[in-house]
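A short worksheet on the structure shown next.
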Amino acid sequence: MTKTILGLSGSLRRASFNSGLLRAAADVAPEGVTIQIGSIREVPLYDGDLEAASGLPTAVRELQSQLGAADALLLVTPEYNNGIPGVLKNAIDWLSRGEGLGLFVGKPVAVIGASPGGFGTILAQNHWLPVLRTLKTDLWTQGRLMVSRAESLFDDQGNLTDERTRESLRKYLGGFASGL
């Protein structure tokens, strides 16, 4: 039986290291696992007035549907100013609205990320902990993957070119998927 992991990149940049890391994850997913790449690009800034007037935006409903159908969630997070990216946090906030909150409860979640800095995305990953606890997710903590000095590991289009990092990603995903 195939398991599905919804993957979300927290970067909108065309040649994003994190979007490239997510694409690489889809390429190296273990046998029997599919990583569906979702998009946060069309998710508007959260606005309670918009929600009250129109309900959930189409992009949010689509992501909620994908999250509901997925066996797990993979967040691929950049680190901006030592924290989580606003666009990804905004998308998660929207996703948790209405019946979406229940989609997170008990959902296995893993967090990885790539950064040009020397410490990878350690602070952003730690910053996600209270958010994921509040949503009552089943946070996978048996491994960590923080890709440092990403500019030397990805090409100009944001594709992962480093075989050692690809192998680390393969092992990480194997560990995460083994519990699904």
>> Closer than 3.5 angstrom, by distance alone: can the side chain of Gln36 be matched with the main-chain N or O of Thr4 as a donor-acceptor pair?
In response: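 Pair absent, no side-chain N/O of Gln36 close to backbone of Thr4.
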>> For Leu153, is there any backbone N or O sitting under 3.5 Å from a side-chain donor or acceptor partner on Thr161?
In response: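 Yes.
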> Any ion pair linking Glu167 and Arg164 (charged N to carboxylate O, less than 4.0 Å)?
Replying inline: no
> So, are Asp27 and Arg23 salt-bridged, with charged N and O less than 4.0 Å apart?
Replying inline: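 Salt bridge flag = no for Arg23 with Asp27.
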Can you check whether [X] reaches [Y] side chain to side chain, under 4.5 Å on heavy atoms?
X      : Y      : value
Arg97  : Tyr46  : yes
Pro78  : Ser16  : no
Arg149 : Glu151 : yes
Thr77  : Pro85  : yes
Leu173 : Val33  : no
Leu139 : Trp128 : no
Asp162 : Val147 : no

From [X] atom [atom1] to [Y] atom [atom2], the distance as rounded to the nearest 0.5 Å:
X      : Y      : atom1 : atom2 : answer
Leu169 : Leu145 : CG    : CG    : 6.0 Å
Ile35  : Leu22  : CD1   : CG    : 7.0 Å
Leu6   : Ile37  : CG    : CD1   : 10.0 Å
His127 : Gln125 : NE2   : CD    : 13.0 Å
Ile84  : Leu129 : CD1   : CG    : 10.0 Å
Ile122 : Ser148 : CD1   : OG    : 9.0 Å

> Out of Leu12, Val76, Leu8, which one pairs with Asn18 under the side-chain contact (heavy atoms from CB on, under 4.5 Å) rule?
Replying inline: Val76
>> Let's go through Lys89 and Asp93 carefully: what are the C-alpha distance in whole Å and the side-chain angles of both, what is the deciding distance for salt bridge (charged side-chain N to carboxylate O under 4.0 Å, His left out) to 0.1 Å, and is it a yes or a no?
In response: CA-CA 6 Å; Lys89 175 66 165 67; Asp93 289 343; 2.7 Å; yes
>> For Trp140 and Tyr172, take the angle between the two ring planes, folded into 0 to 90°, and tell me which bin it lands in: parallel under 30, tilted 30 to 60, perpendicular over 60.
In response: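 It falls in the perpendicular class, over 60°.
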> Would you say Val60 and Leu73 are hydrophobically clustered, going by side-chain heavy atoms of ILVMFWY under 4.5 Å?
Replying inline: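 Yes; tracing contacts between hydrophobic side chains, which count when under 4.5 Å, links both residues.
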>> If you count heavy atoms of other groups shown closer than 6.0 angstrom to CD of Glu42, is the number above 12?
In response: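 No - once you tally the heavy atoms of other residues, nucleotides and ligands closer than 6.0 Å, there are 12 at most.
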